[in-house]
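Okay, structure first, notes after.
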Amino acid sequence: MDFPTAYNPEKNEKKWWDFWIAEDLFSSTPDASKKSFTVLLPPPNVTDRLHMGHGLNVTIQDILTRWKRMSGFNCCWLPGTDHAGIATQMMVEKSLQQEGKTRQELGREAFFQLCVEWKDKNGDIIIEQLKKLGASCDWNRQAYTMSEGLSAAVRRIFVSLYEDGLVYRGERLVNWDPVLQTAVSDDEVYNEEINGNMYHIAYHVRGMGEAAQIVVATTRPETMFGDTAIAVHPDDERYQAFIGKEAQVPFTDRWIPIIADTYVKPEFGTGCLKITPAHDPNDFEVGKRHQLPRIDILNPDASLNEKCPEFVRGQDRFQARETLVRGLKESQQLQKTVSTRHSVPFSDRGKCIIEPRLSLQWYVKMQPLAGPAIQAAANGDLRLHPDTWQKTYYHWLENIQDWCISRQLWWGHRIPIWYCQGCEAVNTGMVDPTACSSCGGTELQQDSDVLDTWFSSWLWPLSPFGWPEKTEDLAYYFPTDVLVTGADIIFLWVARMTMVSLYTQQKVPFRDVCFNSIICDKEGRKFSKTLGNGIDPLQVIESYGADAVRFTMIQLAPLGGRVKLALEDFEHGNRFINKIWNAARFLHGKLGDRALVPVDFTALPLPYQWLVHELHVATARMDQQLSSYQMHEAASTLYQLMWQSFCDWGVEVTKESFEGNNSASDWQIASVVYWVFEGILRLASPFIPFLAEELWHRIPVHPQWERASSLVISAFPTPTHVPAFPEAAQQWSRLQEVISGVRSLKSQMQMEKKKDIVLFLRCDAAFRSLLESQLALVQKLSGVAKVRFVGSLQEVGACLANVGPGWSLYIPLVDESQIPKEKVRISAELQRVSKIVLGLEKKLQNASFVQNAPSDVLVQTKAQFANMSSQLTSLQESLASFG
RNA sequence: AGGGCUAUAGCUCAGUUGGUUAGAGCGCUACGUUGACAUCGUAGAGGUCUCCAGUUCGAAUCUGGAUAGCCCUACCA
């Protein structure tokens, strides 16, 4: 077989992806005889393009899914996309803008159609990118939040909630995005500190003499035309006389009351607060308490409307601010300007400052839904990983606010509410009403708003499986097993899915939720378009291959943390891929393509039993690590098994003990080495599926591994598959210590090139016979020509020394010039060991330790003391021998 | 302001119920290639586990406090 010196990921990844898809290995149908394993892919927006966050998120899910698939589960990893109301509408509007058109000119229906076309053309780009990473989703089930079925589910849940009295319409202050001209939810708003000014403005007061005035402090003078009161703290002695009087809104004839409310903090600013109920959430509450009118002074684009004096009317809010500040200066009402840093709300979507705005919106009453969701986490039905997120989850649910679900957009699920033009009654239902349910009138007008995108996303555990119908899919796959997502959408998405699943199914949507790390640059800043510090995963895949990208990310990223990633880090995964490829090349070259024979494990030479044992230990470890979602730890276990155990020791031993002469021993060696290698490939398959598949098809078929048509559906090794040889493993590792001990001496004394070294060994009879049983191998691996066993140092003469548990090894000096260096080295070693011995001695002399420590710890400590003491003695002898 | 997280080698981080001489990768140093891999190997240097106090026979690990950094939530007229 042709075995190129370099691995070609690009060619290989395409080959095997096509094979897996052609063989339909990732699809799933309900099968009562098998256990299901269901994972929900967090649906990317149709506007998304693959970034490293997706990369890590998808890699984690793919590892879990592939592991479970190889472990015999009926795996359904459900893929799909989200229609992304705001993001998509922005995209389409942008392209319209380039043609000099607006959506208003186009009209609602035509614009909607344009969005559909945009989605058809661009909506699957992200999906194709996920496939490049090797995502083993059930691609036959790809779902879409605006598809017919999923839209029916949205309609169903809206109507159900409405009928249960959980959907209502209310006038509230919403977070208004003046650029997109829509309300956005609290969760789509972020705060940022900016530099601003605090303006101290004097309002004239009447009934207290000519010059009477009251000074308020505000950062937003432009909202003054919406003022309907001035508030002071009821206990603030400075302002007692003002309470109940009236003040004049500057530039107007409007007089507003001065009221007392405990919300005001006397120590802040001037202690006087202007109350603008229509433009500030806190003022809205104060206004409610005092039955103040609400004056909306802004247009939808945040310019000042007709309720404002003519000289600022039509000006943008920030422009108006400057105009007013100038005006107030002229009228000497601006007492001072203090520069300040304060945080202001920004729209996550429009990236502009949010304007609190009074409007009629649809809401979902959340409190009744939140209770069961809290319960589910408390009783362990829903588990978060890492579980530190539980507190955050509880805190949000316990203080939950009603969810504003209407959006003033055109792209999305239109709110299924019809207003009767005759009697103003509200109609809804599963079919579009033709007549008013209240008065029978036929003049019905549908609400012009659409639903928040998350109002369809929260059904993701249900709607793709056919809900609200009682389908076989739903019964089999729901509840799902694990959700992997970013902690930033714990409220927007995770908690809401939980609530709606409990509401409709009385079950949690998933058992476990894993929060993947956030990917940052080396300075710890999040990847962002504006910073331009991101790494394009597709480019990295192009240069290193998907396997290298996957492996690098997974080994670097624990759950729920923050991972600092740079382009050069992908060298790490790349090297690992190269290492495995070359190990396979070595086996191919050294052992050939021979048909393999069953391995008689119990009769294997010591180092091979050790190797099998290493595989055994790794399978146990990986099983435990994957089960507890420690994917990065499992990746490290795999890495060490492959590199240290298999390559550095297994392959090196094979080089020395495989004779190439068709002996029975050769057949056994070839068979066990390939057997272990196949075991490692199987363990590696979930992590680096493309390379593993390629090599699996290249290695000879082994009679002791059952083979399917593809590695991805072959069995994942568990500790029961792999025999354990703890004793042999322990013996071989003692010999490894001797080998390392010799290498260390040779290296430090720069004797690598010397081939005729005689090694003198002082040890007990048991160790001697162990070593003699592997004599030739130990000699070759440590690079000595001969081993002599001695009873004392005197038998050797002047020499270099190294000590270990139960043995001392000596190499004769080449010449006297080595002595000073060796004396320094031994002295340092002596110091280190004597420190340990002293510590142990102190411990053993401590009566309360001897009394209280568990017996096994005591035994261990005593043994260690004996061992280290003898090493100490041996070192002292060596040092003394130099005189 | 409230809540949470983190602090271990020059860098990035492991260290799962407290118990061998605290580990890995990268980086660094020395040596080693006539074929698995220089995308490599062997060996080495480098840590009073942020600080203080406490619990314990025993603390990187548990408790309290301090300091520093990060994140979240709320709000700042």
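The basis for the numbers below is simple: all heavy atoms, side chains too, and nothing from hydrogens, waters or symmetry mates. Note that this is a predicted model, so its numbers are computed, not measured.
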> In B/S/- notation, 5' to 3', how is nucleotides 13-22 of chain B contacted by protein heavy atoms closer than 4.0 Å?
Replying inline: SS-B--BSB-
By salt bridge (charged side-chain N to carboxylate O under 4.0 Å, His left out) - contacts of [X] (at least two apart):
{"X": "A:E822", "value": "A:R825"}
{"X": "A:R621", "value": "none"}
{"X": "A:K655", "value": "A:E652"}
{"X": "A:D236", "value": "A:R238"}

Can you tell me how far [atom1] in [N] sits from the matching atom in [M], rounded to whole Å?
{"N": "B:G64", "M": "B:C75", "atom1": "C1'", "value": "30 Å"}
{"N": "B:C13", "M": "B:C49", "atom1": "C1'", "value": "13 Å"}
{"N": "B:C70", "M": "B:C31", "atom1": "P", "value": "44 Å"}
{"N": "B:G32", "M": "B:A38", "atom1": "C1'", "value": "11 Å"}
{"N": "B:U8", "M": "B:A68", "atom1": "C1'", "value": "16 Å"}
{"N": "B:G65", "M": "B:U55", "atom1": "C1'", "value": "15 Å"}
{"N": "B:G18", "M": "B:U29", "atom1": "P", "value": "42 Å"}
{"N": "B:G27", "M": "B:G10", "atom1": "C1'", "value": "8 Å"}

> Between A:W643 and A:Y639, is the ring centre distance below 6.0 Å?
Replying inline: yes
>> Using a 3.5 Å limit for the pairing distances, which stems of at least 3 consecutive Watson-Crick or G-U wobble pairs does RNA chain B take part in?
In response: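 Result, WC/G-U stems under 3.5 Å: B:1-7 with B:67-73, B:10-13 with B:23-26, B:28-32 with B:40-44, B:50-54 with B:62-66.
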> By side-chain contact (heavy atoms from CB on, under 4.5 Å), which residues pair with A:S747, not counting sequence neighbours?
Replying inline: A:E752
Take atom [atom1] of [X] and atom [atom2] of [N], then tell me their distance rounded to the nearest Å.
{"X": "A:Q401", "N": "B:U73", "atom1": "CD", "atom2": "P", "answer": "13 Å"}
{"X": "A:L844", "N": "B:G58", "atom1": "CG", "atom2": "P", "answer": "15 Å"}
{"X": "A:M642", "N": "B:G25", "atom1": "CE", "atom2": "P", "answer": "15 Å"}
{"X": "A:E656", "N": "B:G41", "atom1": "CD", "atom2": "C1'", "answer": "13 Å"}
{"X": "A:I757", "N": "B:A43", "atom1": "CD1", "atom2": "C1'", "answer": "14 Å"}
{"X": "A:N399", "N": "B:A74", "atom1": "CG", "atom2": "P", "answer": "10 Å"}
{"X": "A:I400", "N": "B:U73", "atom1": "CD1", "atom2": "P", "answer": "14 Å"}
{"X": "A:L638", "N": "B:A24", "atom1": "CG", "atom2": "P", "answer": "18 Å"}

How close do [X] and [Y] get, counting heavy atoms only, and between which atoms?
{"X": "A:V286", "Y": "A:Y263", "result": "CG2-CD2, 3.9 Å"}
{"X": "A:I354", "Y": "A:P356", "result": "O-CD, 3.8 Å"}
{"X": "A:A618", "Y": "A:L641", "result": "CB-CD2, 3.7 Å"}

Under 4.0 Å, counting only non-hydrogen atoms across every strand here, what does [X] touch: a base, just sugar-phosphate, or nothing?
{"X": "A:N846", "result": "sugar-phosphate"}
{"X": "A:D569", "result": "nothing"}
{"X": "A:V264", "result": "base"}

>> Considering only residues two or more places apart or on different chains, which pairs with a residue in residues 548-571 of chain A satisfy ring-ring contact (aromatic ring centres under 6.0 Å, His included)?
In response: A:F551-A:F576
Tabulate protein N/O versus nucleotide N/O from nucleotides 35-37 of chain B, keeping only pairs under 3.5 Å, one per line.
from	atom 1	to	atom 2	distance (Å)
B:A36	O2'	A:N582	OD1	2.5
B:A36	O2'	A:R585	NH1	3.0
B:A36	N7	A:K655	NZ	3.3
B:A36	N6	A:E652	OE2	3.3
B:A36	N3	A:N582	O	3.0
B:A36	N3	A:A583	N	3.3
B:C37	O4'	A:N582	OD1	3.1
B:C37	O4'	A:N582	ND2	3.3
B:C37	O2'	A:N578	OD1	2.9
B:C37	O2	A:K579	NZ	2.8
B:C37	N3	A:K579	NZ	3.2

Output yes when a side-chain donor or acceptor of [X] lies under 3.5 Å from a complementary backbone atom of [Y], and no otherwise.
{"X": "A:T218", "Y": "A:R220", "value": "yes"}
{"X": "A:D402", "Y": "A:M366", "value": "yes"}
{"X": "A:D569", "Y": "A:A566", "value": "yes"}

Atom pairs and distances, side-chain donor-acceptor, residues 736-743 of chain A, under 3.5 Å, sequence neighbours left out:
from	atom 1	to	atom 2	distance (Å)
A:S740	OG	A:Q736	O	3.2
A:R743	NE	A:L781	O	3.1
A:R743	NH2	A:L781	O	3.1

> Near RNA chain B, which residues from residues 735-748 of chain A have a heavy atom under 4.0 Å away?
Replying inline: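 The answer is A:S740, A:R743, A:S744, A:S747, A:Q748.
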> OP1 or OP2 of B:G3 sitting under 4.0 Å from any side-chain N/O of A:K391?
Replying inline: no
> Restricting to pairs with a member in residues 853-868 of chain A, which pass side-chain hydrogen bond (donor to acceptor under 3.5 Å, both in side chains), not counting sequence neighbours?
Replying inline: A:N867-A:Q871
